[in-house]
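Just below is one structure, and these are the notes that go with it.
Any value given below was found using the heavy atoms of this structure, including those in side chains, with hydrogens, waters and symmetry copies removed.
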Amino acid sequence: MQQCVGASYEVLQEELQAMGCSYQDFLAAVQVLHSRCFFQPETSCHMAVPGIDMANHSATPNAQVAVQHSPHAVQGIAAIEEVCDPSTLQRE
């Protein structure tokens, strides 16, 4: 993992430094992301699922995450369609 993080920083170093991000900043960001990843042993894959870590904020587990490998489980285009007509939204 350390080699992967180091190699990733080397690739991104110029861009990160242009934004004022040090190696320590990069490392902190990687640690935050990695702490919220799920590990799938079958594929040795770490998966970041935005928002899912907010589903269980209890000392007693009250949520479960399951990975489904099914063509019927994929949302496809429906995942990016609008939930409602944007013109009806109130803007402040």
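- Here the straight-line distance linking atom OH of Tyr23 with atom CD of Gln17 works out to 13.0 Å at 0.5 Å rounding.
- Between Asp25 and Gly20, the closest heavy-atom pair is OD2-O, 3.7 Å.
- Taking both residues in full, the closest heavy atoms of Val32 and Ser35 are given as O-OG, 2.8 Å, listed atom of the first, atom of the second, then distance.
- Between Phe26 and Tyr9, the ring-plane angle classifies as tilted under the 30° and 60° cut-offs.
- Once rounded to the nearest 0.5 Å, the distance linking SG of Cys21 with CD of Gln13 reads 12.0 Å.
- Leu27 and Leu33 are not part of a single hydrophobic cluster, where members link through side-chain heavy atoms under 4.5 Å apart.
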